[in-house]
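These notes concern the structure reproduced below.
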Amino acid sequence: MNLYQEALNIQETLVNNRNHLHQNPETGLHLPKTAAYVEEKLKEMGYTPRRIGECGLVATVGKPCGKCFLLRSDMDALPVQEQADVEFKSTNGNMHACGHDCHTAALLGAAQLLKAHESELEGMVKLMFQPAEETMDGGKMMIEGGVLEDPKVDAAMSMHVMSNVPLPVGTLLFTGVHSKFAAVDWFTIHVTGKGCHGAQPHNGIDPLNAMAHIFLALQTISAREVDPTQPLVLTIGQMHGGNTSNVIPQEAMMSGTIRTLSNEVRAQVKERIEAITAATAATFGAEARVEYGSGCPVLEQNKELYAQVKEICSGLEGVTVLDADELDMPASGGLGSEDFAWVTNEVPSVFLCVAAGKPEEGYCYPQHHPKVRFHEDALPASAAAFAHVAIQWLKENS
């Protein structure tokens, strides 16, 4: 069984699926066209997919006895106007600038390979197609909808294509046994004062003054309250209040993001933001409240599964496997985030990357750039790796 060769044999299908998805990108939790397309393709293969939420999809293949291995892909795009010079360019104002069209096409390819080898599966493979990775809403929604149950998932895997990397296309890159992706939270602080004439400030309560002091006070969290060996970014990205120069406004707001590599530090920072905000506002006679939007926990890989999957991938004939640790690359996902973290915090999981274009070959833009492109030759390696890992892991853990 040479799954990479089998994946090469269906490359035309892989590319057609990717191109269709790329031309019709949708964002967030509302992906009606994308979900319908994926659902129809799964049905054509003989699956009986079910919806989770409006546009999440899950399907299973294999035997209802034994263990269950989950393969996950994300389907959503970004609200980016595409500038890449490709024949299948998006024209609707959205863009698959993070390669989720590749992920979806690859998992559809894996679904086809797994269906062809269903009799050889020593357990169950669950296919998870999720919306809203970019907004950090999709993974949580899928878990709350039962994606890890019935049957219960024992281990999970996801992959991400990477353009603008100096590795041959299709290379599987393990990100380092200690690698993490950051927890992320978005927050908004609403400050309420008492509006008045700008020439009579004593008659009002200035929310802009309170907000300025809150802004400065929040900087002490990283400077004085969190262990300096613990990575933390607390960024205020916008501040708004008032609409003319001679009026003290009634309300003001600011919003920002928190990035941490520890779920404990994440909880500490969120607690301190609320306490500092309320106390500082009260000092100036104002009121303030913190609202948290979407977010996700730290993505940390299971070390035992990491070693096992790496060994399994090394047996995938025709595909190069590298490890960031062995390349002396940073063993971290940096402070970028990935909402596969919702899964990794529930079951043993592994997350790896697939090289999808060298800069010297014209793939010189990073993810989320309006000109980024992903090489289609990464698709067979991705599909084969998905299927190969699931088959072999079930065999080794039956």
Side-chain angles (χ1 to χ4, degrees), residues 52 56 58 67-76 98-100 103 106-107 110 124-149 151-162 172-185 230-231 258-267 294-313 323-325 330-354 382 385-386 389-390 393-394 397:
I52 294 182
V58 61
K67 295 195 174 183
C68 178
F69 194 84
L70 179 140
L71 301 174
R72 171 266 198 180
S73 79
D74 36 18
M75 304 187 291
D76 58 317
C98 202
H100 296 183
H103 304 165
L107 190 53
M124 183 76 72
V125 181
K126 186 175 287 189
L127 310 174
M128 169 182 169
F129 296 85
Q130 71 154 87
E133 189 281 327
E134 296 293 353
T135 60
M136 304 295 156
D137 293 310
K140 183 179 181 182
M141 181 275 291
M142 295 288 284
I143 290 174
E144 291 175 346
V147 73
L148 299 181
E149 305 299 330
K152 184 179 183 300
V153 170
D154 296 289
M157 169 183 169
S158 187
M159 295 188 289
H160 203 301
V161 290
M162 302 294 288
L172 301 182
L173 177 65
F174 284 75
T175 59
V177 69
H178 299 292
S179 63
K180 298 179 181 181
F181 286 79
V184 60
D185 290 283
Q230 292 287 340
I258 312 162
R259 307 277 175 147
T260 63
L261 289 180
S262 161
N263 287 329
E264 292 71 27
V265 172
R266 179 193 186 203
S294 303
C296 74
V298 175
L299 187 159
E300 188 168 4
Q301 306 187 75
N302 179 276
K303 295 176 178 58
E304 182 179 344
L305 182 65
Y306 181 99
Q308 189 176 16
V309 171
K310 180 181 170 183
E311 180 64 28
I312 288 172
C313 285
D323 192 312
D325 290 338
S332 172
L335 291 180
S337 302
E338 229 298 341
D339 97 335
F340 185 56
W342 289 111
V343 175
T344 72
N345 276 252
E346 298 293 330
V347 300
S349 304
V350 63
F351 185 85
L352 56 147
C353 296
V354 184
S382 302
F386 267 142
V389 169
W393 187 90
L394 288 173
N397 292 273

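The shown structure was predicted, so the numbers you read here are calculated from the model rather than taken from an experiment. We count residues from 1, following the sequence as given.
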Would you say Asn263 and Asn345 make side-chain contact, with heavy atoms under 4.5 Å?
yes
Is Tyr306 reaching over with its side chain to a backbone N or O of His178, donor-acceptor style, under 3.5 angstrom?
no
Once you round to the nearest 0.5 Å, how far does CE of Met128 lie from CD1 of Ile143?
6.0 Å
State, with a plain yes or no, whether a side-chain heavy atom of Lys126 is found less than 4.5 Å away from one of Arg72.
no
dist Phe386:CZ -> Met157:CE (nearest 0.5 Å) comes out at 5.5 Å
Heavy-atom side-chain proximity of His100 to Met75 below 4.5 angstrom
no
Distance in Å, Asp76 CG paired with Glu134 CD, rounded so as to fall on 0.5 Å steps
5.5 Å
Can you tell me how far OG of Ser158 sits from CG of Leu352, rounded to the nearest 0.5 angstrom?
8.0 Å
When you compare the side chain of Leu70 with that of Val147, does any pair of heavy atoms fall below 4.5 Å?
yes
Within the 4.5 Å heavy-atom criterion, are Leu173 and Met162 side-chain neighbours or not?
no
Here the pair of heavy atoms bringing Asp154 nearest to Pro348 is O-CD, 3.4 Å
Can you tell me if Asp325 uses its side chain to pair, donor with acceptor, with the backbone of Val177 under 3.5 Å?
yes
Please report the shortest heavy-atom distance between Ser179 and Gln301, naming the atom on each side.
OG-NE2, 2.9 Å
Give me the ring orientation class for Trp393 and Phe69: parallel if the planes are under 30° apart, tilted from 30 to 60°, perpendicular past 60°.
tilted
Output for pair (Glu144 CD, Met141 CE), nearest 0.5 Å, gives 9.0 Å
Please find the pair of heavy atoms, one from Lys67 and one from Leu394, that lie closest to each other, and give the distance.
O-CD2, 3.4 Å
Side-chain touch Glu133/His160, heavy atoms, less than 4.5 angstrom
no
Heavy-atom closest pair, residues Ser73 and Phe129:
OG-CD2, 3.3 Å
Sub-6.0 Å ring centroid separation between Phe181 and Phe340:
no
Decide yes or no on side-chain contact (heavy atoms from CB on, under 4.5 Å) for Val354 and Leu172, but give the supporting numbers first.
CA-CA 5 Å; Val354 184; Leu172 301 182; 3.9 Å; yes
Please say which of Asp339, Asp137, Asp74 ends up in a side chain to side chain donor-acceptor pair (under 3.5 Å) with Gln130.
Asp339
Check Ser337 against Ala182 and note the closest heavy-atom contact, atom names and distance.
OG-O, 2.8 Å
Set of salt bridge (charged side-chain N to carboxylate O under 4.0 Å, His left out) partners for Lys140, sequence neighbours left out
none
If I take atom CD from residue Glu338 and atom SG from residue Cys296, how far apart are they, to the nearest 0.5 angstrom?
8.0 Å
Might you confirm whether atom CD of Gln230 has over 12 heavy atoms from other residues, nucleotides or ligands at distances under 6.0 Å?
yes
Test item: Val153 and Cys68 side chains (from C-beta on) under 4.5 Å apart, heavy atoms
yes
Distance-only, no hydrogens or angles: does the Asp185 side chain make a donor-acceptor pair with backbone N or O of Gly295 under 3.5 Å?
no
Please examine the side chains of Phe351 and Thr344, heavy atoms only from C-beta on, and report whether any two atoms are closer than 4.5 Å.
no
Closest non-hydrogen atom pair, Thr260 against Val298
O-CG2, 3.9 Å
